[in-house]
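Note sheet for the following structure.
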2 protein chains.
Amino acid sequence: MEKDPDQCKFVVVLDMIVGKWKPTILSHLMIGGTKRFNELKKLMPDITQRMLTMHLRELEEQDIILRVVYPQIPPKVEYSITEYGRSLEPILDSMHQWGYAHLERMKKKEEQLAADNK
Amino acid sequence: MEKDPDQCKFVVVLDMIVGKWKPTILSHLMIGGTKRFNELKKLMPDITQRMLTMHLRELEEQDIILRVVYPQIPPKVEYSITEYGRSLEPILDSMHQWGYAHLERMKKKEEQLAADNK
DNA sequence: CGGGATCCACCATGATACTG
DNA sequence: CAGTATCATGGTGGATCCCG
């Protein structure tokens, strides 16, 4: 850990992956590979087109995902994780593992509570 | 990475450390050790008491920090990182390193841009 | 000293309609 | 198909005052 709290830069990563749908988008692209706009939309039925577009643009600006437009009719746009974006995977992976373990821990706590109350 | 995007749990970690002042609070407690309420307040001049209280309570609920009340007048309350909270440190640390490198990368990009424009 | 209670502003997100 | 434009809403955070 950094010695100076003011110099702690883990917020930088947060800024890039925080957003209501960004984690889901990243998961789908990182795991499922390249996807078209409507493919992503179908994978996330509850997201609005507006939010999908906005989040994709932000991730593209940060060089995390690549946007490729095929100039044809009907239009075709593909999104994929950049090589730079891949460098985030180990971090997201360890976060996933911690998160998974945390959920297990919570479950055990609840079971304990239920056992105490009977 | 998890095979199923719907099973990706790195959001769990996000939920715990996201919030306008949570990263700062965590940094101060993780790096500086146990702190009293007003010490934290002084370290973060711009935070309101309300937000400091709210974030501390949330972190306490998640077992990330410990709140110890000394029953005396005037009151004294100390906050510290729990052992469980410490298990988050490696993740935050790697996030910090990535974030730091990212800032360096951005700086180089800007320098490049400036060089191209002259 | 370490809060709680109340009221308020803004920004992220949602809903809906339209388009090249 | 892959968006854009416009308007509505709700939750996070801010300001202020009060309390044991």
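A note on names: the letters A, B, ... follow the listed sequences, proteins ahead of strands, and every chain is numbered from 1.
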What is the distance, to the nearest angstrom, from the CE atom on A:M51 to the P atom on C:dC11? 15 Å

Per nearest nucleotide of DNA chain C, the residue lying toward the 5' end, A:Q49 or A:V18, is A:V18

Hey, quick one: are A:V18 and A:L92 part of the same hydrophobic cluster, counting side-chain heavy atoms closer than 4.5 Å, chains of contacts allowed? yes

Using heavy atoms to find the nearest nucleotide of DNA chain D for A:R50 and A:V77 separately, return the residue whose nucleotide is more 5′. A:V77

Whole-Å distance separating the CD1 atom of B:I47 from the P atom of C:dG3: 12 Å

Expressed in angstrom and rounded to an integer, what is the separation of B:E78 atom CD from C:dG3 atom C1'? 16 Å

Could you check whether B:K76 gets within reach of a base, just the sugar-phosphate, or nothing at all, counting any heavy atom under 4.0 Å? sugar-phosphate

Any donor and acceptor pair, going by atom type alone, linking the side chain of B:S94 with main-chain N or O of A:I91 inside 3.5 Å? no

Do you know which two heavy atoms are closest between B:I65 and B:T82, and how far apart they sit? C-CG2, 3.5 Å

Tell me the interatomic distance from A:F37, atom CZ, to C:dT19, atom C1', rounded to whole angstroms. 14 Å

Here the pair of heavy atoms bringing A:H102 nearest to B:Q62 is CE1-O, 4.3 Å

Going 5' to 3' on DNA chain D, which nucleotide is the first and which the last to come under 4.0 Å of a heavy atom in chain B? D:dG13 to D:dG20

Indicate yes or no: does A:E110 engage A:K107 in a salt bridge with an N to O separation below 4.0 Å. no

Any carboxylate oxygen within less than 4.0 angstrom of a Lys/Arg side-chain nitrogen, looking at B:E83 and B:R86? no

Geometric class of the A:H96/A:Y100 ring pair [parallel <30°, tilted 30-60°, perpendicular >60°]: tilted

DNA chain D contacts among residues 56-65 of chain B, heavy-atom distance under 4.0 Å: none

Are more than 12 heavy atoms, taken from residues, nucleotides or ligands other than B:L113, located less than 6.0 Å from that residue's CG atom? yes

Rounded to the nearest Å, what distance is computed from the OH atom of residue B:Y79 to the P atom of nucleotide C:dC1? 15 Å

Would you classify B:Y70 as touching base, sugar-phosphate or nothing, given that sugar-phosphate means primed atoms plus P, OP1 and OP2, and contacts are heavy atoms under 4.0 Å? nothing

Can you classify the ring geometry of B:F37 versus B:Y79 as parallel (below 30°), tilted (30 to 60°) or perpendicular (above 60°)? tilted

Do the side-chain N or O atoms of A:H55 get closer than 4.0 angstrom to the phosphate oxygens (OP1, OP2) of C:dT13? yes

Describe the nucleic acid contact of A:R36 in one word from base, sugar-phosphate, nothing, applying a heavy-atom distance below 4.0 Å. sugar-phosphate

